[in-house]
Amino acid sequence: MAPSRPGVNSIKAEDFDLNATLSCGQVFRWRIHDGRWYGLIDNAAIRIRQIGKRIEYSSSRPIEPERIRGYFNLGVDLDGILKSIDKDKHIHKAISGFRGLRIIRQEPAECLISYILSSNNNIPRINTLIERMSACFGERNEKLNGVSFHTFPTLKRLSSECEDGLKACGAGFRVPYVKETARKVSSEKGFFDRLKGLGYEAAKESLIGLKGVGDKIADCVLLFSLGKNEAFPVDVWIKRAVDEFYFKGKKSTLRDCASFGREHFGEYAGYAQEYLYCYIRSQKFQ
DNA sequence: TCTAGACCTCG
DNA sequence: GAGGTCTAG
């Protein structure tokens, strides 16, 4: 029997692919060093890797295994979900290529602000922007195995920060969006819980009412942090996939693309979106 | 309702 | 030009 290592926990993770889950673009801030993923969960720095049907993790502060399971959404019946979206040959291939990819349950405030920062921006720059904002305005600095993580700033902090401070991070024209949205959301206690209780359409309407939040970002927040699995965020990659696979190469509008996704795949369209995203990108990058 | 142009910044 | 949104017309 292997000697137990202090601080390292191991939990069962069936039907799960950690790498696919963390590299499919749904979440920011996770980094890989020496075969282990580093990131934050509940403001604790986490180091994690997968070994077969288990995941091994350690953390900068104690964190319940149940919390790890919850974050990676290991409790949901992925097999049932994938069966329900497996409606045609394209999604079928995507599923067989990336089986085990799960939709993470992100912290809503961080998810919302991060995606506001993503508009008209590219991924490397979004990442540095988020890191800079966290370094400047995050409340704590968590360290683990020599890797240091600043916690994501609270909405209160972002709303009270002067525009120049945010601008210095490189957020550009998104600064007023971040500030105004942070102010509005933090002024309503339980804003996200209220949205969780609403249906998809109503919750989406509330989000779109926020500055800097349009269709795509609203769908990302709904899917990645509020549990609305029918959300089908349409970015350039998904549009390419849908136009190519389902519209015979004809260019659709963003709106048509989104409603096609929700109608064709149904209750768990968001999972289909993630699998298609990985699939189309793997094709283009070959 | 719909479309075009502008928008900070630069791994 | 970038994983979009806002605003005007």
Side-chain angles (χ1 to χ4, degrees), chain A residues 20-33 94 98 101 103-104 106 110-137 158 161-185 201 204-225 231-245 250-259 261 269-285:
Chain A
T21 299
L22 289 177
S23 35
C24 67
Q26 61 178 318
V27 67
F28 301 96
R29 305 207 72 190
W30 284 89
R31 302 282 180 277
I32 197 158
H33 298 290
F98 297 94
L101 161 57
I103 290 180
I104 288 175
Q106 300 183 38
E110 174 173 345
C111 184
L112 173 61
I113 299 299
S114 298
Y115 276 98
I116 287 177
L117 296 173
S118 79
S119 76
N120 190 234
N121 209 346
N122 58 49
I123 295 164
R125 288 204 56 243
I126 300 165
N127 288 329
T128 42
L129 189 45
I130 292 173
E131 291 312 317
R132 284 210 277 249
M133 279 204 174
S134 303
C136 290
F137 310 120
L158 290 173
E161 196 53 45
C162 66
E163 300 229 344
D164 291 346
L166 296 171
K167 209 148 212 167
C169 295
F173 66 86
R174 307 165 193 86
V175 166
Y177 299 164
V178 169
K179 221 173 124 63
E180 170 60 17
T181 290
R183 188 197 61 74
K184 194 165 165 188
V185 172
E201 295 289 350
K204 183 165 179 177
E205 206 174 312
S206 286
L207 285 171
I208 288 182
L210 300 168
K211 281 283 181 221
V213 180
D215 259 296
K216 191 259 181 178
I217 291 176
D219 276 330
C220 287
V221 174
L222 290 165
L223 178 62
F224 300 141
S225 73
F232 190 84
V234 178
D235 62 20
V236 292
W237 290 97
I238 289 303
K239 188 159 172 339
R240 271 174 214 160
V242 169
D243 289 350
E244 181 179 329
F245 297 149
K250 249 192 300 184
K251 303 279 181 220
S252 64
T253 64
L254 293 172
R255 215 193 169 78
D256 288 345
C257 183
S259 47
Y271 280 79
Q273 189 269 8
E274 283 301 291
Y275 279 83
L276 283 175
Y277 176 88
C278 288
Y279 182 56
I280 191 88
R281 281 179 59 109
S282 70
Q283 280 195 331
K284 301 295 175 187
F285 286 142

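Protein chains get the first letters and strands the later ones, always in sequence-line order, with residue 1 at the start of each. Values below: all heavy atoms of this structure, side chains included; hydrogens, waters and symmetry mates excluded.
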Problem set entry | Distance below 4.0 Å between A/K211 side-chain N/O and C/dG4 OP1 or OP2 | no
Exercise. Between A/K239 and A/L254, is there a donor-acceptor pair closer than 3.5 Å when you use the side chain of the first and the backbone of the second?
Worked result: no
Seminar exercise, completed: Note: for A/G212 and A/C220 on DNA chain C, the residue whose nearest nucleotide lies more 5' is A/C220
Exercise. With a 4.0 Å cut-off on heavy atoms, is A/V175 in touch with a base, just the backbone sugar-phosphate, or nothing at all?
Worked result: nothing
For this session: Return the orientation label for the A/W237 and A/Y277 ring planes: parallel under 30°, perpendicular over 60°, tilted otherwise.
Result: perpendicular
For this session: Please collect all salt bridge (charged side-chain N to carboxylate O under 4.0 Å, His left out) contacts where either partner lies in residues 117-131 of chain A, sequence neighbours excluded, each pair once.
Result: A/R29-A/E131, A/R31-A/E131
Exercise. How would you label the contact of A/L210 with the nucleic acid (heavy atoms, under 4.0 Å): base, sugar-phosphate, or nothing?
Worked result: sugar-phosphate
For this session: Write down the distance separating the P atoms in C/dA8 and B/dC8, rounded off to the nearest Å.
Result: 15 Å
For this session: Using modelled atom types only, decide if a donor and an acceptor are shared between the side chain of A/E163 and the backbone of A/P176 within a distance under 3.5 Å.
Result: no
Exercise. Between which residue ranges does DNA chain C form stems of three or more consecutive Watson-Crick or G-U wobble pairs, both distances under 3.5 Å?
Worked result: B:2-7 with C:4-9
Exercise. Between C/dT5 and B/dG11, how far is it from one P atom to the other, in whole Å?
Worked result: 24 Å
For this session: Using the test side-chain hydrogen bond (donor to acceptor under 3.5 Å, both in side chains), find all partners of A/Y271 that sit at least two apart in sequence or belong to another chain.
Result: none
Exercise. Under 4.0 angstrom, heavy atoms only, what part of the nucleic acid is A/D215 near: base, sugar-phosphate, or nothing?
Worked result: sugar-phosphate
For this session: Taking ring pair (Phe, Tyr, Trp, His ring centres under 6.0 Å) as the test, write out the residues that go with A/F137, two or more places apart.
Result: none
For this session: Please report the closest heavy-atom contact between A/L166 and A/M133, naming both atoms and the distance.
Result: CD2-CE, 4.0 Å
Exercise. Reckon A/Y277 touches a base, only the sugar-phosphate, or nothing at all at heavy-atom distances under 4.0 Å?
Worked result: base
For this session: Identify, with sequence neighbours excluded, every residue that meets side-chain contact (heavy atoms from CB on, under 4.5 Å) alongside A/D215.
Result: A/K204, A/I208
Shorter than 3.5 Å, N or O on both sides, protein versus nucleotides 9-11 of chain B: list them out with atom names.
| from | atom 1 | to | atom 2 | distance (Å) |
| --- | --- | --- | --- | --- |
| B/dT9 | O2 | A/R125 | NH1 | 2.8 |
| B/dC10 | O4' | A/R125 | NE | 3.4 |

Problem set entry | Neighbour count above 12 (heavy atom, 6.0 Å) for A/E244 CD | yes
Problem set entry | Between P of B/dC2 and CZ of A/R255, the distance in whole Å | 6 Å
